[in-house]
Every structure is written in structure tokens, then in C-alpha cells.
There are 2 protein chains.
Amino acid sequence: MAQPNADPSSIDFAALNLLRVVHELGSFTAAAEKLNVNQSAVSYTIAKLRACFHDPLFVREGGRQVSTDRCEEILARSLQMLGMLDEMLQPDAFEPGSATQNVTIACNYYERVLLIPALVSAIRREAPGMTVKVINALGDGHLRLLNREADVLIGPFARSESGFHSRRLYAEEYACLMDAAHPLADTALDIDSYLCLNHVLIDYGGGWQSAYLRELEAAGHRIAPVVVAPSPAGLATLIIESDLVATVPRRLGEWNADRLKVADCPFPGRFDVSLVWAAHTNASAMHRWLRDLIWRVARR
Amino acid sequence: MAQPNADPSSIDFAALNLLRVVHELGSFTAAAEKLNVNQSAVSYTIAKLRACFHDPLFVREGGRQVSTDRCEEILARSLQMLGMLDEMLQPDAFEPGSATQNVTIACNYYERVLLIPALVSAIRREAPGMTVKVINALGDGHLRLLNREADVLIGPFARSESGFHSRRLYAEEYACLMDAAHPLADTALDIDSYLCLNHVLIDYGGGWQSAYLRELEAAGHRIAPVVVAPSPAGLATLIIESDLVATVPRRLGEWNADRLKVADCPFPGRFDVSLVWAAHTNASAMHRWLRDLIWRVARR
DNA sequence: TACCTGCTATCGAAAAATTCGATGGACGCC
DNA sequence: GGCGTCCATCGAATTTTTCGATAGCAGGTA
């Protein structure tokens with residue numbers, strides 16, 4: 001017979017459950033009966049836990065095994081863990097058809113216009129009982145994931161730090177949006193003619209800089225905007241029948257291309273639109289369903 | 001070789017950690033190296049987890065072990081549990097300087113007068129954030145320990161049953177307290193003259209009998225008290241400028257010996273003042289600190 | 001296609017951990 | 001003081017885990 005193994009990682013759930021039963025019954029012998037094992041097996045396991053935690057855990061007081069304070073602390077966590085084990089053993093089922101949860105999606109103007117309508121309609125079709133909330137990602141969407149304010153983040157955000165996962169939805173680039181009657185509407189723009197245009201600059205604020213601007217400035221150029229707007233909302237009305245030109249993501253341009261012309265931009269500033277989520281939602285069946293749905297919608 | 005045990009309660013933390021490492025490295029072989037075990041031990045444990053969760057957990061895809069969704073789910077909880085284990089393993093640390101707990105001390109009049117003031121001041125000095133509560137021990141201080149109403153018990157209580165520990169603080173004996181002008185104040189008291197004094201008897205009630213009385217009665221004597229009081233409070237005022245004599249523990253007599261005389265008692269009824277605590281607090285860091293502090297204060 | 005290489009599953013044997021049944025000592029209860 | 005209950009401990013038996021070796025599988029390469 002050897003001393004029990006004092007390596008804490010050798011503690012198994014049976015040992016935690018035994019701790020629970022001993023605590024409940026206040027007796028090793030009674031616990032042994034309840035667990036259908038020999039009393040010495042209980043003593044053995046308790047001895048092992050005692051060695052692991054460097055605490056007697058139970059002491060005899062007036063004919064009863066009474067727990068120490070340390071034991072109570074350990075027991076509290078043990079109960080949690082036993083509960084988690086039960087959850088683990090139960091596969092995480094998610095039925096879109098009967099789900100009534102809420103999903104919160106963090107994104108910005110671009111995604112609200114181009115993705116959210118189709119996404120909401122897909123969610124309502126597959127999961128009629130669920131509700132959708134859309135919040136602004138601004139520049140710190142990652143924080144909203146960490147704070148659990150949002151379930152997913154959609155946007156031009158690369159997977160930044162650890163603690164996040166991401167999936168690329170598609171590639172996007174910038175293009176020029178101008179009135180169909182603009183003098184340069186039918187010529188390919190070279191760098192010089194692009195730079196001299198009457199630019200509408202979308203400045204979201206918060207230090208965010210569009211990829212085409214980074215590319216342009218990296219090449220040593222600069223544009224002098226005529227109009228600065230905080231978002232592309234109402235942009236079409238602004239440009240139509242004017243000589244203004246806005247540089248916007250191509251799909252956003254094409255979205256209101258009825259009477260506007262979308263032209264290649266000499267600084268395309270290619271970027272990826274990605275789906276980002278926090279590691280703690282990675283395993284959840286609901287979140288997996290949601291992410292898959294978003295992926296399918298974005299691919300269409 | 002047998003099949004691994006598919007009972008989920010036989011899963012230990014080493015298995016959860018192994019799952020984590022396999023997931024991280026995407027390879028059983030690499031995980032085995034990192035964990036300093038044989039590759040077949042890794043296979044064995046994974047086989048066991050597979051049987052417990054009824055899921056392959058890892059499937060080979062393009063030369064790499066890719067985790068299943070279920071595996072991610074299980075892993076997420078496993079990581080939490082490993083974190084909780086680490087918390088549980090934290091030794092019971094106690095920092096007097098930053099502690100904010102309460103300590104409850106059970107004792108009686110004698111200790112409240114002679115020990116508690118110095119003890120409270122020592123606690124406030126070493127542990128300014130802690131609070132102290134003093135409760136009456138009466139005759140059943142042991143029960144208060146068992147019921148967790150008190151952390152320690154101080155008094156003339158020998159270690160009684162098992163389930164308790166005790167430490168002797170110092171020896172004490174009874175002495176006679178009388179006015180300095182009492183006729184017998186300057187003579188040594190013999191048994192007869194002692195018995196004939198006008199006694200003040202302190203009767204705490206509850207069946208408690210002072211040691212000098214037990215000694216006196218064991219010798220076949222008896223005293224007829226003139227005054228019976230339930231506690232020594234106000235005793236000095238009672239005795240001063242009277243012919244009354246009280247038999248009290250010597251240190252208690254000396255405590256108000258300004259104008260009173262303390263004389264040897266022919267029945268000194270020697271006893272020990274002890275510190276007593278319940279077995280369930282024996283290992284606790286806070287209680288060890290408290291007991292050591294009490295010992296240091298009592299020794300001064 | 002055939003070979004080579006790296007990886008996992010499985011085997012029998014060996015080692016380690018756990019359980020069993022029995023016993024001894026401590027303690028509470030008559 | 002004797003009796004019965006309870007836990008710790010012992011040696012043996014049993015079960016679980018690990019080891020070392022090898023077979024089988026898949027991917028990449030000639």
C-alpha cells in the first residue's frame with residue numbers, strides 16, 4: 001500500500017463527489033455505503049485530498065466529521081465543477097426553431113446597410129422566436145465582445161489579440177462614387193486626376209482611418225476634402241447632380257448606383273470584411289449557428 | 001490491456017489538461033512530448049474522453065488533429081475548471097494587515113478585564129481592518145466553539161473532549177481581597193479564620209463552581225456567604241471600607257489593589273487559564289495567527 | 001504508382017493507483 | 001469499565017494507467 005498521490009491534477013470528479021457526500025453525511029462510513037465502496041477507499045481518497053490541499057478538511061468533533069473553513073471553500077467550487085461536468089456531458093443543443101434568445105451584432109454603417117437586412121430576414125426565417133439587436137461597433141467593437149455587450153462583431157477588423165477568433169467573409173476595396181454626369185465619369189482615373197477631385201471625406205472619428213487613405217498617404221499624397229461627413233448616410237443625395245466624389249467601399253457604392261457611377265480608385269485600399277467573436281462564445285451552439293448563418297448570408 | 005474507463009466521474013484534471021494541450025498543439029505526439037509521457041498514454045486518455053463524451057473530439061484533417069464543435073464546448077468548460085482548480089489550490093493565506101474578517105472571542109469577566117483590553121489593542125495594531133466581538137462564555141463556551149459562534153475560548157477550561165485543542169496560557173490561583181483596613185489584613189489567614197470571614201461569594205450560576213470552593217468542600221468545609229454576587233463587577237466598591245472579604249483569582253484582585261489588600265487564601269484552588277479552540281479551526285491561517293497573538297498577549 | 005515518413009491505434013507487459021477485507025486505536029455511550 | 005462505532009492503516013487483490021513496440025493509415029514525394 002502506498003501513500004495516496006498528492007498531485008492535484010490526479011483529482012478526479014469522483015473524488016469531488018466523494019467530498020460532497022462526506023460533507024453531506026458527516027461520516028466516512030456512511031459516505032462509503034452511499035457510494036457503494038469500502039470505507040477504506042473513502043479514507044484513501046480523503047487522505048489524497050488532504051495531501052493535495054494541505055488541510056485536514058474534516059475533523060472529528062463530538063462524534064461527527066465537521067468540515068474546516070477551507071473545506072467549505074473547496075466544496076463550493078467542487079459543486080460548481082460537478083455541475084459543469086453535468087453540462088459537459090449534456091450536448092449543447094440549440095434549436096433555432098424554438099429558440100427565444102436575443103442576438104446582438106456589433107457593426108458599423110457599411111454592414112448595417114449591406115448585410116444586416118439580409119441577415120435579419122434570415123434569422124427571422126430560421127428562428128422566428130429570436131430577437132436581434134444591432135449596436136454600433138465604432139472603433140472598439142472588440143471591447144463590446146469582451147464585455148459581452150455583443151455576440152459577434154462584423155467589419156474590417158482583423159483578428160487582433162488572442163481571446164478572439166475571426167473568420168474572413170469576403171474581400172472588399174474602395175471605389176469612387178460620383179454623379180453619372182460627372183466630367184470624369186467615363187474615364188479611368190489616374191493618380192493626379194483622382195487627387196484633384198472635389199472629395200467628400202467620410203471621417204468616422206475616433207482615430208479610424210480608411211484603408212485607401214492609409215495607402216494614399218503611404219505613397220506620399222494627400223487629398224483636400226471639400227466636404228467632410230461623419231458617415232456615408234445621405235451620401236447619394238449629396239453627390240447626385242454635383243461634382244463631388246466620395247471614395248467608399250465598392251459594394252456600398254454599388255448599393256446606390258442607380259443614378260451614380262462607381263469608378264475604380266487608384267488607391268483601392270483592399271481589406272477584408274470579417275466576422276469576429278470572443279473566445280468564450282466559441283463553443284456555444286447558438287453562436288455557432290449564428291456565425292454559420294452570417295457566413296452564408298455574406299457569401300450570397 | 002483493457003478499454004479505458006468510460007465513467008465520466010473518473011475524468012481527472014490531468015485529462016482536462018491533456019485535452020487542452022492536444023487542442024493547442026493539434027497533435028497527440030507533440031502533446032505527449034510536452035507532457036513528458038508516452039504517446040500511447042495520450043491516445044489512452046483521449047480514448048477515455050471520447051468514450052465519456054461519445055464524441056471523437058479530434059479528427060484528422062490535412063495532417064492535423066482538428067477539434068470537433070463538441071470538443072470546443074468541452075474545452076471551454078475544461079479551461080474554466082482548470083482555472084478553478086488553481087484557485088482551490090491557493091493555500092489559505094492570511095494577511096493581518098489587509099484582513100477585514102471578524103474574530104469572536106468567548107470568555108468571562110476575568111478575561112474581559114485582564115486580557116481583552118491588551119488583546120484588542122494588539123489586534124487593532126496588527127490588523128486594523130478586523131473587528132472583534134466578545135461574547136460571554138458562561139459555562140458552555142465549548143458549545144459556542146462547536147456552533148461556530150466563537151473562534152476561540154479563553155478561560156479556566158481544561159481541554160475537555162476530543163474535537164478541541166487547547167493551550168495553557170498561565171497558572172492562576174485564588175486570593176482574598178479585602179479592605180486595607182480590615183482587621184486581618186496584615187495577618188496570614190489560617191483555615192479557621194478564613195472560614196469565619198464575612199464572605200462575598202461570586203456565584204456565576206449555571207452550575208459553575210470556583211476551584212477554591214471545590215478544594216474547600218473537598219476538605220469538608222463550607223462557608224456561609226454574607227453577600228452573593230453574580231460577577232466580580234463592582235466588587236471593589238462593595239468591599240472598600242467594609243469588613244467583607246472576597247475570594248477571587250489573584251490577578252483580578254491585584255488589578256484593583258489600589259486601596260484593597262490581596263492576601264493569600266488557605267484554599268488557593270490553583271487552575272490554569274487556557275486558550276481553547278475547535279478542531280475545525282486548527283489549520284486555518286487566520287486562527288493560527290489569532291491564537292499566537294493571544295498567547296503573546298497573555299504572556300506579557 | 002510505389003515508396004517514404006510521420007502520426008495514431010492497439011497490443012502485451014510492467015508499473016502505479018485504487019480498492020478490498022481485516023485489524024487496531026480513539027472515542028462516545030452506556 | 002466495557003461495548004460499539006468510526007477512522008487510519010496494513011498487506012493483498014484488483015483495476016487503471018503507462019510503457020515500449022508495432023501495425024495501419026494518410027499525405028507527400030520520387
Side-chain angles (χ1 to χ4, degrees), chain A residues 1-19 21-23 25-52 56-67 71, chain B residues 1-19 21-23 25-52 56-68 71 142-143 146 159-165 278-280:
Chain A
M1 197 211 68
Q3 282 305 103
N5 185 350
D7 174 5
S9 71
S10 76
I11 297 172
D12 61 13
F13 290 100
L16 300 186
N17 187 51
L18 183 143
L19 192 74
V21 174
V22 168
H23 182 267
L25 301 177
S27 152
F28 291 15
T29 308
E33 273 179 42
K34 178 151 181 172
L35 296 169
N36 293 311
V37 292
N38 195 293
Q39 168 264 317
S40 76
V42 174
S43 281
Y44 178 86
T45 302
I46 292 286
K48 170 169 154 171
L49 293 172
R50 284 172 168 166
C52 288
L57 303 176
F58 295 99
V59 291
R60 225 184 153 72
E61 269 178 23
R64 215 184 131 76
Q65 294 291 124
V66 173
S67 53
C71 179
Chain B
M1 199 211 69
Q3 282 305 102
N5 186 349
D7 174 5
S9 71
S10 77
I11 297 171
D12 62 13
F13 290 99
L16 300 185
N17 188 53
L18 183 143
L19 190 76
V21 173
V22 168
H23 182 268
L25 301 177
S27 152
F28 292 15
T29 309
E33 271 178 45
K34 178 149 179 172
L35 296 169
N36 293 311
V37 293
N38 195 294
Q39 168 266 316
S40 75
V42 174
S43 282
Y44 177 86
T45 301
I46 292 287
K48 170 169 156 172
L49 293 172
R50 283 172 169 165
C52 289
L57 302 177
F58 295 98
V59 289
R60 231 184 145 75
E61 248 175 46
R64 225 185 121 74
Q65 294 288 3
V66 175
S67 52
T68 64
C71 178
H142 292 90
L143 285 180
L146 286 184
R159 176 213 305 241
S160 46
E161 307 120 79
S162 75
F164 297 98
H165 299 264
H280 69 258

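Note on naming: letters A, B, ... go to the chains in the order of the sequence lines (proteins, then strands), and numbering restarts at 1 for each one. Only a predicted model underlies this, so the values are computations on that prediction, with no experimental measurement involved.
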Answer yes or no: is there a side-chain heavy-atom contact under 4.5 Å between B:L35 and B:N17?
yes
Check this one for me: any side-chain N or O of B:N38 less than 4.0 Å away from OP1 or OP2 of D:dG20?
yes
Nucleic acid contacts - residues 25-33 of chain A versus DNA chain D, non-hydrogen atoms under 4.0 Å
A:S27, A:F28, A:T29
Chi angles and distances behind the side chain to side chain donor-acceptor pair (under 3.5 Å) call for A:S43, A:Q39:
CA-CA 6 Å; A:S43 281; A:Q39 168 264 317; 3.1 Å; yes
Respond yes when some side-chain nitrogen or oxygen of B:Q65 is under 4.0 Å from OP1 or OP2 of C:dT8, and no when none is.
yes
Base, sugar-phosphate or nothing for B:N5? Non-hydrogen atoms, less than 4.0 Å.
sugar-phosphate
Which part of the nucleic acid, if any, lies within contact of A:R64, taking any heavy atom under 4.0 Å across all strands shown: a base, the sugar-phosphate backbone alone, or nothing?
nothing
So, do B:L16 and A:F13 sit near enough that their side-chain heavy atoms are less than 4.5 Å apart?
yes
If I take atom CZ from residue B:R50 and atom OG1 from residue B:T68, how far apart are they, to the nearest 0.5 angstrom?
9.5 Å
Does any non-hydrogen side-chain atom of B:C52 lie less than 4.5 Å from one of B:I11?
yes
Output the rounded distance in Å from CZ (A:F58) to C1' (D:dC6).
15 Å
Start at the 5' end of DNA chain C and walk down; is the nucleotide closest to A:V42 or to B:S43 reached first?
B:S43
Applying a 4.0 Å non-hydrogen cut-off, can you work out what B:Q39 is touching in the nucleic acid: base, sugar-phosphate, or nothing?
base
Could you check if a side-chain atom of B:C71 sits within less than 4.5 angstrom of a side-chain atom of B:F58, using non-hydrogen atoms only?
yes
note: A:R60, atom CZ; C:dG25, atom P; distance rounded to Å ~ 17 Å
Quick one: is D:dT17 close enough that its OP1 or OP2 comes under 4.0 Å of any side-chain N or O from B:Y44?
yes
For atom CD1 of A:I46 and atom P of D:dT9, their distance in whole Å
13 Å
Numerically ordered, the residues 9-17 of chain A set in heavy-atom contact under 4.0 Å with DNA chain C is none
With the side chain defined as heavy atoms from C-beta on, B:S40 is closest, among C:dC20, C:dT10, D:dT9, to C:dT10
Here the gap from B:K48 atom NZ to B:D7 atom CG, rounded to the nearest 0.5 Å, amounts to 8.5 Å
Between A:Q65 and A:V22 (side chain of the first, backbone of the second, donor and acceptor by atom type, cut-off under 3.5 Å), is there such a pair?
no
Take the protein atom CZ of B:R50 and the nucleotide atom C1' of C:dA9, then report the distance between them rounded to whole Å.
9 Å
Measuring to OP1 and OP2 of D:dT16, would you say a side-chain N or O of B:K48 lies under 4.0 angstrom away?
no
So does B:G163 get a backbone contact from the side chain of A:R60, meaning a donor-acceptor N/O pair under 3.5 Å?
no
